[in-house]
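I have a structure here, written as structure tokens, and I will follow up with some questions on it.
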Amino acid sequence: MTPDRRDQAIRAAVEQGLLGGDTEPVVALLDIAGIRAGAASLRTAFQQVTDAPVLHAFAVKAAPLVGVLRLLGSEGLGAEVASPGELALARAAGIPPDRIVLDSPAKTPGELRAALDLGIAVNADNAQEIDRIEALIGALADGTVPASPMGLRVNAQIGAGTIGALSTATATSKFGVGLRDERARDWVVRTFLDRPWLTRLHTHSGSQGLPLELMAAGVRTVYELAEEINAAAGRQQVDTLDIGGGLPVNFATDEETPRFADYAQVLDREVPGLFDGRYGLVTEFGRALTAKHGMVLARVEYAKRTGGRPIALTHAGAQVATRTVYAPGAWPVRIAAYDTKGHPRTGPDVVQDIAGPACFAGDLLAEARGLPLLEQGDVVAALDTGAYYFTSHYAYNSLVRPAVYGFREEAGGGGIAFTLVRDAQTMEEIVAESGGAHPDALL
Ligand SMILES: *Cc1c(COP(=O)(O)O)cnc(C)c1O
């Protein structure tokens with residue numbers, strides 16, 4: 001989102017009353033054209049390096065909103081799901097089963113059965129899950145091969161990035177089969193040879209804080225494993241490689257970097273053979289597809305000064321920016337300041353805290369941040385929050401999930417138009433979620 005476009009959208013949001021006084025002091029906005037352009041750039045990036053079929057399955061957890069999934073679906077993307085809820089969202093968005101991939105690390109027998117019934121792709125996490133799937137397949141009517149493409153998730157154990165909690169490819173990561181563990185590689189090869197229905201390998205080695213070369217090293221490991229299995233099988237048993245997602249996002253400026261094309265080129269260079277057409281490919285990008293196309297807007301309810309520090313008390317805190325609040329060093333967000341009319345606030349930078357509404361001291365969107373001095377009634381925008389922020393609500397203090405609007409420029413210079421993607425949560429919903437149907441349960 002360019003700064004101009006952002007300013008335009010924020011002014012329109014204020015003028016059109018989206019931040020409506022008492023009821024909606026915080027809203028989230030998504031740039032529809034930006035999301036479309038991101039999806040197009042992903043498609044193009046891979047089309048430029050391969051003729052192989054590529055399914056780009058959006059990692060639903062990055063933005064679990066039906067409207068977003070449908071928008072991405074209309075751009076030809078699929079969905080990577082990791083829970084029954086995410087699968088339900090993908091289905092509600094009309095994503096066809098052959099574009100859905102189930103990857104969760106802890107799937108119940110019921111979930112696996114449902115996945116087989118639907119025919120969606122499944123990546124098993126470990127040996128126990130392989131056994132479980134095998135038992136289910138054995139129970140299929142004709143006892144043969146399921147329609148679902150079946151894969152195994154492996155961990156190349158290439159090491160951590162800069163954010164421990166998001167590093168999926170460490171030696172002891174909880175995900176998949178650790179390929180460098182003793183005898184693990186042999187076990188994987190044998191498991192495939194014994195089970196012709198296993199046709200895919202999956203890895204997700206990337207994440208925020210990981211260099212592209214390290215991500216590519218993880219993909220190379222999986223590619224080499226596929227080659228080894230296929231050589232041992234004497235045929236192309238592994239026909240599809242699911243290379244995961246994890247392209248890092250630049251949260252420091254408006255620049256979109258690295259780009260999907262950068263990563264595709266690194267893969268092309270580091271993993272010769274990956275793109276030569278023998279393997280179908282699946283990607284699972286999340287954050288990089290939506291982060292920079294979303295933002296949270298919040299009113300400054302009060303502006304005060306404590307211990308010499310100016311503090312803007314806003315309505316956006318841990319409920320919409322959980323990672324930032326609990327791990328501010330790893331997840332700083334950019335804040336932009338606007339006045340009561342939605343115009344960019346100007347003036348010298350003043351070191352101030354941008355606080356949220358939750359009742360704990362650490363509920364800060366930004367601490368000691370230099371910005372034009374915020375005043376009561378101003379609007380702050382938390383930028384680049386289109387993935388894993390307002391879509392990953394945290395229910396602390398029973399704060400409501402804010403409304404989400406998509407925006408687009410109206411044809412013929414008609415200004416900015418908003419469409420509702422998600423209603424703000426109502427008080428009835430808050431009460432219902434909190435056991436409102438069972439008030440006497442503990443009497
Ligand atoms: C979270 C996740 C992704 C997406 O990661 P991003 O960093 O959002 O691109 C893809 N695949 C799997 C298996 C994941 O768990």
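Start at 1 and go down the list; that is how both ligands and their atoms are numbered. For clarity, every value in this text was computed on a predicted model and none was experimentally measured. All residue numbers refer to positions in the sequence shown, counting from 1.
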Does the residue Gly246 have a heavy-atom contact with ligand 1, meaning some pair of atoms that are separated by less than 4.0 Å? yes

Atoms of ligand 1, numbered as shown, that sit under 4.0 Å from any heavy atom of Asp103: 13 (C)

Test your reading of the structure: does Arg287 have an N or O sitting under 3.5 Å from an N or O of ligand 1? yes

Geometry only, no angles: is Gly286 polar-contacting ligand 1 at N/O separations under 3.5 Å? yes

Under 4.0 Å, heavy atoms only, figure out whether ligand 1 is touched by the backbone of His204, its side chain, both or neither. side chain

Using a strict threshold of under 4.0 Å (side-chain N to carboxylate O), is an ion pair present between Glu429 and Arg401? no

Please classify the Lys61 to ligand 1 contact at 4.0 Å (heavy-atom distances, strictly less than): side chain, backbone, both or neither. side chain

Using distance alone, determine whether His202 and ligand 1 share an N or O pair under 3.5 Å. no

SB check Arg153 Asp103 (cutoff 4.0 Å): no

Judged by modelled atom types alone, do Thr324 and Tyr389 share a side-chain donor-acceptor pair under 3.5 Å? yes

If we only consider heavy atoms of Arg153, is any one of them less than 4.0 Å away from an atom in ligand 1? yes

May I ask you to identify, for Phe175, whether its side chain, its backbone, both or neither come under 4.0 Å of ligand 1 on a heavy-atom basis? neither

Does Gly386 offer a backbone N or O that forms a donor-acceptor pair with the side chain of Thr290 under 3.5 Å? yes

Note: Lys107-Glu129 ion pair, threshold 4.0 Å (strictly below): yes

Is a donor on one side and an acceptor on the other found under 3.5 Å between the side chain of His293 and the backbone of Gly34? yes

